[in-house]
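Presented below is the structure to which this report refers.
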Amino acid sequence: MSEHIRGFDSLAVHAGQEFDPTTGAVIPPVHFSTTYAQDGIGGLRGGYEYGRSGNPTRTALQTQLAAIEHGRHGLSFSSGLAAEDALLRAVLKPGDDVLLSDDVYGGTYRLIARILGPWGVGLRVVDMTDLSQVAAALEEKPAKVLWVETPSNPLLRITDIAGLAKLGRDAGALVVVDNTFASPALQQPLRLGADVVVHSATKYLGGHSDVVGGALVMNDDALAESVGFLQFAAGAVSGPMDAFLTTRGIKTLGIRMQRHSENAAAVASFLEGHDRVAKVYYPGLSSHPGHELAASQMSAFGGIVSLALADGAAARRFAESTRVFQLAESLGGVESLVNYPDAMTHASVRGTELAVPEEVVRLSVGIESSEDQLADLEQALAAL
Ligand SMILES: *Cc1c(COP(=O)(O)O)cnc(C)c1O
């Protein structure tokens, strides 16, 4: 099958999903066994030995992940942060620096600043939407890793991936793109020159708010080997049921992202025209400073829309008055969610250079009927 398919949706459905040779089951069985019988000492069937070092359901997911990001190697983990931790520990040593963009997932900042920092890893933060700031920071002091989210969380800033990749290549730094917000259905960073793609598979890849997971995809064989060693030796692997749910989610990623993007575009233009909304952050709006760039490196603009209200109190009230949009952390599921970053997802970066303005609310626009989403936002704004 694999030589007959190229398109994104075909790869999402079929990569790693060969039917079961013993029964013909079209959906490969989920393998729960933690250990594998050996035909004599060291005589492994299919290379499997023990559940932490390898599991067929996880292999299937890793094959699928590599295919949809157009990379050679996919590695799956028990969470997005477990994936980030494995990558960073595989590439950094004491004295190395990470250059981080100034609008990233709070947990990424926390991991580097509070876990890796005490082990001697340096952290510098720059606005990566302005590549001249990246170049200046690299000139001042080399960095081992350039880490960016585009679109970023929660302000939906857009960074030029190809431009950043070139700077990284010239400076000998590894360019890592957290592609959680766009997903590979809309943006494929490795094709634009990035070295590693990171995912919180908990979000759009899983897509149904029922599994926590993380992923890395890369091309370099030596790097994949060292990260793979950490995955095995430290053990933050995906369990079989988590791997299965993520694989199942990915099969519908393409059509979900299309609908998320359509619904989000409708939400963004509705909010932009509303007099109680001070500002709308959505890369699909022509008023967004990164719109042209987003249009050039993404095939649609995704399902996350952030908005600023008059002040922090109005933002809190709004976040507590929606009904279709449920007040919860996380994003990327089929259901719409509203989040107040300052006190929820981004509480860990309060008071740092990554703090989110207190008047900002983030919406994860689900795949419900658009008219219900818009009516809900209308009633919540009317109640302010
Ligand atoms: C959620 C998230 C993470 C962390 O992933 P977990 O699965 O929660 O560990 C990393 N990056 C982004 C952009 C996220 O939204």
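Whatever order the structure lists ligands and atoms in, that order sets their numbers, starting from 1. Note that the numbering runs from 1 along the sequence shown for the chain.
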Within 4.0 Å of some non-hydrogen atom of Gly213, the atoms of ligand 1 are 7 (O)
Check: of Val212, Asp178, Val198, Leu331, min heavy-atom distance to atom 11 (N) of ligand 1 comes from Asp178
message: Is there a side-chain contact between Pro151 and Met298 in this structure, where contact means two heavy atoms from C-beta onward sitting under 4.5 Å apart?
response: yes
Under 4.0 Å from one or more heavy atoms of Glu84, ligand 1 contributes atoms 10 (C), 11 (N)
Residue, atom and distance of the protein heavy atom nearest atom 4 (C) of ligand 1 read Tyr105 CE2, 3.4 Å
So does Arg124 have more than 12 non-hydrogen atoms from other groups sitting under 6.0 Å from CZ? yes
Gly80 to ligand 1: N or O pair under 3.5 Å? yes
For Tyr48 and Tyr36, take the angle between the two ring planes, folded into 0 to 90°, and tell me which bin it lands in: parallel under 30, tilted 30 to 60, perpendicular over 60.
tilted
Give yes if a backbone or side-chain nitrogen or oxygen of Lys203 is under 3.5 Å from a nitrogen or oxygen of ligand 1, and no if not. yes
In ligand 1, the atoms that come under 4.0 Å of a heavy atom of Glu149 are 13 (C)
His274 side chain vs Arg276 backbone, donor-acceptor pair below 3.5 Å
yes
Near Leu81 (heavy-atom distance under 4.0 Å), the atoms of ligand 1 are 5 (O), 6 (P), 9 (O)
Minimal heavy-atom distance between Phe77 and Ala86, with the atoms involved, is CE2-CB, 3.5 Å
The atoms of ligand 1 lying under 4.0 Å from a heavy atom of Ser79, numbered in the order shown, are 7 (O), 9 (O)
> Any luck finding a side-chain donor-acceptor pair between Glu368 and Ser336 under 3.5 Å?
Replying inline: yes
Exercise. When you check the side-chain N and O atoms of Glu84 and Thr108, is any donor under 3.5 Å from an acceptor?
Worked result: yes
Please report whether ligand 1 has a polar contact with Ala201, defined as an N or O pair separated by less than 3.5 Å (distance criterion only). no
